[in-house]
Engineer: 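Let me give you the structure first, and then I'll get to my questions.
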Amino acid sequence: MLKKFLTVAIDTPLDTVFDYRWTQTATASLIPQVGQFVRVPFGRREITGLVLKVQDSSEVDDDKLRDVIELRHHITPLSSQWIALCQFAAEYYQRPIGEVALPGVPKHVREAKPASIERALKKIRTKSSDTDGVPVSADVDNSIQAPALNDEQRAAVAAITGSAGFASHLLFGVTGSGKTEVYLHAAHAVLQQAQVMGERAQILLLVPEINLTPQLEHHVRARFPRATVATLHSQLSEGERLRHWLSAHEGHAEIVLGTRLAVLASLPHLKLIVIDEEHDPSYKQQEGLRYSARDLGVWRARQLNIPVVLGSATPSVESWYHASSGRYRRLDLTQRAIAQASLPRIGLIDMERHKAPDGLSPPLMDALRERLAQGEQSLLFLNRRGYAPVIHCDACGWISHCRRCTAFMVLHKPERRLRCHHCSLELRIPTSCPTCGNVDLQPLGRGTQRVEEYLHTLFPTARLLRIDADSTRRKGSAQQAFEAVHRGEVDILLGTQMVAKGHDFQRLTLVGAINPDTALFSPDYRAGERLFAQLMQVAGRAGRAAMANGRQSEVLLQTRYPQHPLYRALQAHDYTGFATATLEERQTAGLPPFIFQALLRAEAKTLDTALSFLQSARDLMPHQDIRINEPVPMTITRVAGMERAQLLLESPSRTQLHAFLKPWMQTLRATKTRARWSLEVDPIDI
Ligand code: ADP
Ligand code: ZN
Ligand code: ZN
């Protein structure tokens with residue numbers, strides 16, 4: 001009787017893999033393979049694991065081993081390359097392999113749903129059978145939608161597709177320079193090259209925001225009408241997720257687009273990776289496996305020996321650094337792609353000189369009025385949702401603190417609620433002051449709802465639309481809102497960073513940033529870089545189409561610090577100068593990308609528990625080459641009643657840092673503590 005020993009990855013926080021015994025029975029003729037899913041007993045449960053190894057013996061005693069319940073052979077086993085990717089991510093980010101490999105796999109694949117898998121597979125196969133023999137890229141050339149590339153775009157596509165094997169390309173293109181067109185042409189060329197070689201090919205396109213997937217999907221489908229396109233993001237239904245995942249995994253989807261989680265998709269014929277808006281912090285997962293999809297994308301390209309394209313108008317300074325050291329190849333798009341479109345003029349409104357009791361200064365109001373008169377669209381950017389960040393009592397000084405967090409309760413006027421944005425606590429708005437009974441409670445500061453209210457009184461006939469996390473809670477509502485803007489049904493669009501990212505709004509000619517200064521003096525060393533990128537992005541929404549009357553589109557920033565170098569660089573559209581200065585500062589201060597960091601976070605009922613856990617972690621092992629700072633409370637110390645603290649580890653050598661982290665984490669896992677803790681490698685929020 002044939003007997004095998006399987007090493008299995010299981011989705012559990014225990015940092016280990018598990019051995020099981022498999023014995024052939026008369027009914028099951030298939031033998032186990034690496035990359036297959038298996039049903040196994042785990043504690044008192046039965047769960048699905050992933051086979052990492054198949055061997056003829058095990059180091060575990062035979063009588064301690066439990067038997068595999070069932071092999072799942074409904075789908076093609078995951079490739080050893082994909083498993084290696086998960087193994088790398090697990091090691092690099094210090095998480096168990098099971099927590100990396102399994103959560104991204106659709107529930108219907110993991111759980112016992114062979115019937116739905118069969119159904120989905122059948123659908124995928126019949127769908128692609130009409131294209132069998134008809135190469136997907138054959139009719140791309142006939143496509144009328146593709147504009148002729150300009151010289152810079154053509155050079156970029158040639159560089160991407162001309163490089164044999166692995167290469168990281170940093171596509172540095174000003175907003176509106178036609179980066180999407182470069183991605184699509186490169187994708188086309190790669191699909192065609194594969195076809196000539198008689199191979200199959202898959203292209204992975206990543207965007208930072210779920211809201212950007214429909215726009216990109218639209219372009220992709222228009223350009224590749226015969227290709228199978230799969231989308232992967234967190235808002236798919238289980239049925240959709242199963243179909244799209246399988247279509248990618250079984251190699252049917254030639255083009256896969258998605259958000260950060262798609263970087264871990266199984267793509268057996270992957271030939272090109274594109275990461276759009278590579279600087280975007282959304283590429284970093286902030287819980288569980290805290291990975292950077294950008295970094296994993298680059299690793300994956302290297303592993304597969306294929307090109308990767310990182311696109312941005314404001315690259316992350318890490319990527320900029322790699323480009324200047326020659327590790328990444330820089331490809332520049334210096335002009336807007338549409339001939340008559342030009343970059344907007346960026347003006348600064350000195351708020352020391354202008355009164356703006358309702359948030360909008362007279363010059364900004366005038367500019368809005370003018371655009372309204374011309375029938376053009378305007379966008380107002382305010383990165384603060386709600387009506388007012390806090391309410392207070394003038395009589396006694398009471399202020400709306402959250403009782404569970406070191407934060408204020410935000411006034412949401414239309415919903416008639418106070419909401420904590422950190423712990424989601426909701427309260428009715430008090431009718432009088434809880435301490436002194438004063439009935440005249442005042443909102444302080446302003447969020448998007450309050451500006452919206454004011455705009456209504458200012459421009460009663462204008463069509464206003466607010467887009468933020470509150471206005472787009474319903475599934476599909478964000479999509480509808482963006483479509484209304486594209487159709488020209490909106491005169492003034494108001495929103496948070498949701499409106500700032502890559503949308504190609506054609507009718508927009510004015511952008512106003514209401515209060516960008518708040519990020520200027522943040523303790524977070526990345527705040528400046530983020531603000532610059534955000535403002536450049538939002539500014540880039542203006543003037544993307546040709547202006548009829550030869551006028552220029554305009555961006556107005558309201559600031560108390562018009563002399564600040566960040567605004568000066570922005571005004572000159574000078575990302576290069578900004579990045580160079582930022583890198584110099586980082587080097588002087590000994591910050592990434594010149595050093596490498598890891599952050600241990602702890603939370604507990606008392607700050608003392610959290611801090612003393614971190615202190616003991618600090619003293620756990622000798623660490624000559626690693627600098628471990630003092631444990632400190634986090635800026636927002638209490639969230640949902642838990643006190644939070646952090647410990648920062650730094651080293652000029654990534655290798656040394658990782659050599660330290662592995663044994664350190666093992667010891668930490670064995671440490672008893674009341675604190676809940678987690679480690680983040682390459683943290684972005686410190
Ligand atoms: P980016 O992503 O660089 O901000 P997009 O890819 O959204 O820019 O392109 C901006 C606009 O320019 C789009 O409307 C696109 O259709 C158009 N465009 C791109 N390339 C060309 C080209 N070569 N000729 C004419 N229009 C182009
Ligand atoms: Zn009071
Ligand atoms: Zn709270």
Side-chain angles (χ1 to χ4, degrees), residues 145-157 171-186 205 207-208 212 215-216 218-220 222-223 274-278 280 309-315 331-344 390-410 418-427 430-442 486 500-508 536-546 636-642 644:
Q145 284 109 342
L149 296 183
N150 61 38
D151 290 346
E152 287 180 330
Q153 286 174 315
R154 208 170 317 117
V157 173
L171 181 63
F172 173 49
V174 300
T175 53
S177 59
K179 294 186 281 295
T180 315
E181 215 45 66
V182 171
Y183 307 149
L184 296 178
H185 275 79
L205 298 174
V207 288
L212 291 168
Q215 179 178 301
L216 184 59
H218 169 80
H219 286 306
V220 166
R223 199 60 66 74
V274 173
I275 304 173
D276 191 23
E277 312 287 5
E278 67 90 29
D280 199 297
V309 183
L310 312 177
S312 179
T314 52
L331 308 170
D332 292 358
L333 305 180
T334 57
Q335 310 278 321
R336 285 211 154 165
I338 295 178
Q340 301 84 351
S342 57
L343 286 171
V390 59
I391 58 171
H392 88 135
C393 167
D394 247 349
C396 75
W398 173 85
I399 197 156
S400 58
H401 284 286
C402 174
R403 59 176 141 83
R404 305 165 63 196
C405 309
T406 333
F408 297 124
M409 299 288 288
V410 177
L418 291 180
R419 269 194 198 138
C420 173
H421 290 182
H422 296 277
C423 73
S424 312
L425 180 69
E426 281 206 10
L427 301 173
T431 47
S432 61
C433 172
T435 5
C436 76
N438 172 16
V439 290
D440 189 23
L441 295 176
Q442 291 297 324
H486 284 298
K501 299 190 180 176
H503 295 279
D504 192 23
F505 299 133
Q506 292 278 324
R507 305 160 202 253
L508 220 147
M536 195 70 125
Q537 283 296 319
V538 75
R541 297 317 102 205
R544 297 174 71 84
I636 299 174
T637 311
R638 189 157 33 95
V639 166
M642 298 294 268
R644 314 181 310 160

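For ligands, and for the atoms within them, numbers begin at 1 and follow the listed sequence. Sequence positions, counted from 1, serve as the residue numbers for this chain.
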Engineer: Compare every heavy atom of A156 with every heavy atom of L331, then report the nearest pair and how far apart it is.
Structural biologist: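 Closest heavy-atom pair between L331 and A156: CD1-O, 3.9 Å.
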Engineer: Under 3.5 Å, is there a donor-acceptor pair between the side chain of R336 and the main chain of G543?
Structural biologist: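 Flag set: sc R336 to bb G543 pair under 3.5 Å.
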Engineer: Between R544 and A341 (side chain of the first, backbone of the second, donor and acceptor by atom type, cut-off under 3.5 Å), is there such a pair?
Structural biologist: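 No, because the side chain of R544 does not come within donor-acceptor range (under 3.5 Å) of the backbone of A341.
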Engineer: Within the distance-only criterion (no hydrogens, no angle test), does the side chain of S312 pair as donor or acceptor with the backbone N or O of E278 below 3.5 angstrom?
Structural biologist: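 Checked: no pair found.
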Engineer: Does H486 offer a backbone N or O that forms a donor-acceptor pair with the side chain of R507 under 3.5 Å?
Structural biologist: yes
Engineer: So does G178 get a backbone contact from the side chain of Q153, meaning a donor-acceptor N/O pair under 3.5 Å?
Structural biologist: yes
Engineer: Of all the heavy-atom pairs spanning V390 and S400, show the shortest one and how long it is.
Structural biologist: CG2-OG, 3.3 Å
Engineer: Does an N or O from T180, backbone or side chain, lie closer than 3.5 Å to an N or O of ligand 1?
Structural biologist: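 Yes; the residue has a nitrogen or oxygen that sits under 3.5 Å from a nitrogen or oxygen of the ligand.
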Engineer: Give the single entry among G176, A146, G173 that approaches atom 4 (O) of ligand 1 most closely by any heavy atom.
Structural biologist: G176
Engineer: Round to 10° and report the angle made at the Zn ion (ligand 2) by SG of C393 and SG of C433.
Structural biologist: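 Here the angle at the metal atom is close to 110°, to 10°.
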Engineer: Return the minimal non-hydrogen interatomic distance between L418 and M409, and the atom names on each side.
Structural biologist: O-CE, 3.5 Å
Engineer: Give the numbers and elements of all ligand 1 atoms closer than 4.0 Å to a heavy atom of L149.
Structural biologist: 23 (N)
Engineer: Distance-only, no hydrogens or angles: does the Q215 side chain make a donor-acceptor pair with backbone N or O of L212 under 3.5 Å?
Structural biologist: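 Such a contact is absent between Q215 side chain and L212 backbone.
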Engineer: Can you tell me if Q506 has a non-hydrogen atom under 4.0 Å from ligand 1?
Structural biologist: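 Judged by the 4.0 Å heavy-atom criterion, Q506 does count as contacting ligand 1.
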Engineer: Under 6.0 Å from the CZ atom of R403, do we count more than 12 heavy atoms belonging to anything else shown?
Structural biologist: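 Result for CZ/R403: open.
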Engineer: SG (C396) to the Zn ion (ligand 2) to SG (C436): angle, nearest 10 degrees?
Structural biologist: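 Taking the Zn ion (ligand 2) as the apex, I get 110° for this pair.
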Engineer: Say whether, by atom type as modelled, one donor and one acceptor occur between the side chain of E152 and the main chain of T334 under 3.5 angstrom.
Structural biologist: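 Side chain of E152 to backbone of T334, a donor-acceptor pair under 3.5 Å: yes, one is there.
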Engineer: Out of all atoms in ligand 1, which are within 4.0 Å of some heavy atom of E181? Include the element for each.
Structural biologist: 20 (N)
Engineer: Answer yes or no for atom 15 (C) of ligand 1: protein heavy atom present at a distance under 4.0 Å?
Structural biologist: no
Engineer: Does any N or O of ligand 1 fall below 3.5 Å from an N or O anywhere on I338, backbone included?
Structural biologist: no
Engineer: Would you say ligand 1 has an N or O under 3.5 Å from any N or O of G178?
Structural biologist: yes
Engineer: Would you mind running through ligand 1 and noting each atom that sits below 4.0 Å from a heavy atom of T175?
Structural biologist: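 Listed by number with element: 4 (O).
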Engineer: Does K179 reach the main-chain N or O of G173 with its side chain, forming a donor-acceptor pair under 3.5 Å?
Structural biologist: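 Such a contact is found between K179 side chain and G173 backbone.
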Engineer: Which heavy atom of the protein is the closest neighbour of atom 27 (C) of ligand 1, given with residue, atom name and distance?
Structural biologist: A337 CB, 3.6 Å
Engineer: Among protein heavy atoms, which sits nearest to atom 20 (N) of ligand 1, and what does the distance come to when rounded to 0.1 Å?
Structural biologist: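 Looking only at protein heavy atoms, the one closest to atom 20 (N) of ligand 1 is Q153 NE2, 3.0 Å.
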Engineer: Please find the pair of heavy atoms, one from R154 and one from L149, that lie closest to each other, and give the distance.
Structural biologist: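 Nearest pair, atom of R154 first, then L149: NH2-O, 3.0 Å.
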Engineer: For atom 13 (C) of ligand 1, what is the closest protein heavy atom, and at what distance to 0.1 Å?
Structural biologist: D504 OD2, 3.2 Å
Engineer: Just the protein N/O/S atoms under 2.8 Å from the Zn ion (ligand 3), please, no waters.
Structural biologist: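 Protein N, O or S atoms closer than 2.8 Å to the Zn ion (ligand 3): C402 SG, C405 SG, C420 SG, C423 SG.
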Engineer: Please state which protein non-hydrogen atom is closest to atom 7 (O) of ligand 1 and give its distance, to 0.1 Å?
Structural biologist: R544 NH2, 3.1 Å
